[in-house]
Amino acid sequence: NAGVTQTPKFQVLKTGQSMTLQCAQDMNHNSMYWYRQDPGMGLRLIYYSASEGTTDKGEVPNGYNVSRLNKREFSLRLESAAPSQTSVYFCASSGSIYGYTFGSGTRLTVV
Amino acid sequence: SQELEQSPQSLIVQEGKNLTINCTSSKTLYGLYWYKQKYGEGLIFLMMLQKGGEEKSHEKITAKLDEKKQQSSLHITASQPSHAGIYLCGADVRAQKLVFGQGTRLTINP
């Protein structure tokens, strides 16, 4: 099925550990996004990529890095995880009449 | 500060009742999206509005974008348990970026 695929779905990290969240879309969309969702805060934009080879900071980029590996893939890296990064992370892509398509989310806990 | 304000933040209604959720921006909205999220799951696209005065309906859900394109409302008629969840409005307030309101948690009591 066409859409946005995120891996992993769940992850527990210890403070200071690193990890990469993977995201891939098969809809040939140019733009891709990473959001985090915290209770009562809606979704906040971390980084986005308007096209292959470009990335830009969103509202809350501190502590994260991203890579737009190719048109399909956009990864989010936490170099040194902190408890404040405990959240649900969503990847999204855009480029169709339906606006933005979201992945199913990654639930990350940092202890 | 939030660029989009949703109200109310939480809503509890009895099954069969109508309800309205509002989304307000201080800036002109270029594309307003409504999504629904079941607890612990991803976002489901509901509707997109682009033109001032535009109104769209799907089943028992109607969304409107006001003439000045700074406020949208989502109205559910004869609510059902399947309508429960978190409703999020998102908008292109800046080019190529979608920002969200804080969400409205809807509970339907039998």
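Lettering follows sequence order; numbering is per chain, from 1.
Hydrophobic clustering (side-chain heavy atoms under 4.5 Å, transitive across Ile, Leu, Val, Met, Phe, Trp, Tyr) keeps A:F102 apart from A:V60. Tracing side-chain contacts under 4.5 Å through hydrophobic residues (I, L, V, M, F, W, Y), one reaches A:Y33 starting from B:L43; they form part of the same cluster. Side-chain heavy atoms closer than 4.5 Å link hydrophobic residues (I, L, V, M, F, W, Y) into clusters, and following such links, possibly through other members, connects B:L11 to B:I76. Cluster membership check: B:L65 shares its hydrophobic cluster with B:I21, using side-chain heavy-atom separations under 4.5 Å among Ile, Leu, Val, Met, Phe, Trp and Tyr. Grouping the Ile, Leu, Val, Met, Phe, Trp and Tyr side chains by contacts below 4.5 angstrom, directly or via other members, places A:L45 apart from A:L21.
Side-chain contact between B:V99 and A:R44: absent, with no pair of heavy atoms (C-beta onward) separated by less than 4.5 Å. In this structure the side chain of B:L88 reaches within 4.5 angstrom of the side chain of A:L43, judged on heavy atoms. A heavy-atom distance below 4.5 Å is not found between the side chains of B:F45 and A:T101.
Looking at B:E41, only its backbone comes within 4.5 Å of chain A, counting heavy atoms on both sides. If you measure heavy-atom distances from B:Q37 to chain A, the contacts under 4.5 Å come from the side chain alone. Interface remark: A:Q37 contributes side-chain atoms only to the contact with chain B (heavy atom separation under 4.5 Å).
The stretch residues 10-17 of chain A places none of its residues near chain B, where near means some heavy atom under 4.5 Å from a heavy atom of that chain.
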Indicate every side-chain donor-acceptor pair of residues 53-61 of chain B with a distance under 3.5 Å to a residue at least two apart or in another chain.
unit_1 : atom_1 : unit_2 : atom_2 : d
B:E54  : OE1    : B:Q50  : N      : 2.7
B:E54  : OE1    : B:K51  : N      : 2.9
B:K56  : NZ     : B:M48  : O      : 2.8
B:S57  : OG     : B:T62  : OG1    : 2.9

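Not less than 6.0 angstrom separates the ring centroid of A:Y100 from the ring centroid of B:Y35.
Surrounding NZ of B:K68 are at most 12 heavy atoms belonging to other residues, nucleotides or ligands under 6.0 Å away. Counting non-hydrogen atoms of other residues, nucleotides and ligands closer than 6.0 Å to NZ of B:K64 gives a total of 12 or fewer.
Summarising the geometry of B:L98 relative to A:Y35, their closest heavy-atom pair is O-OH, 2.6 Å, with the distance given to 0.1 Å.
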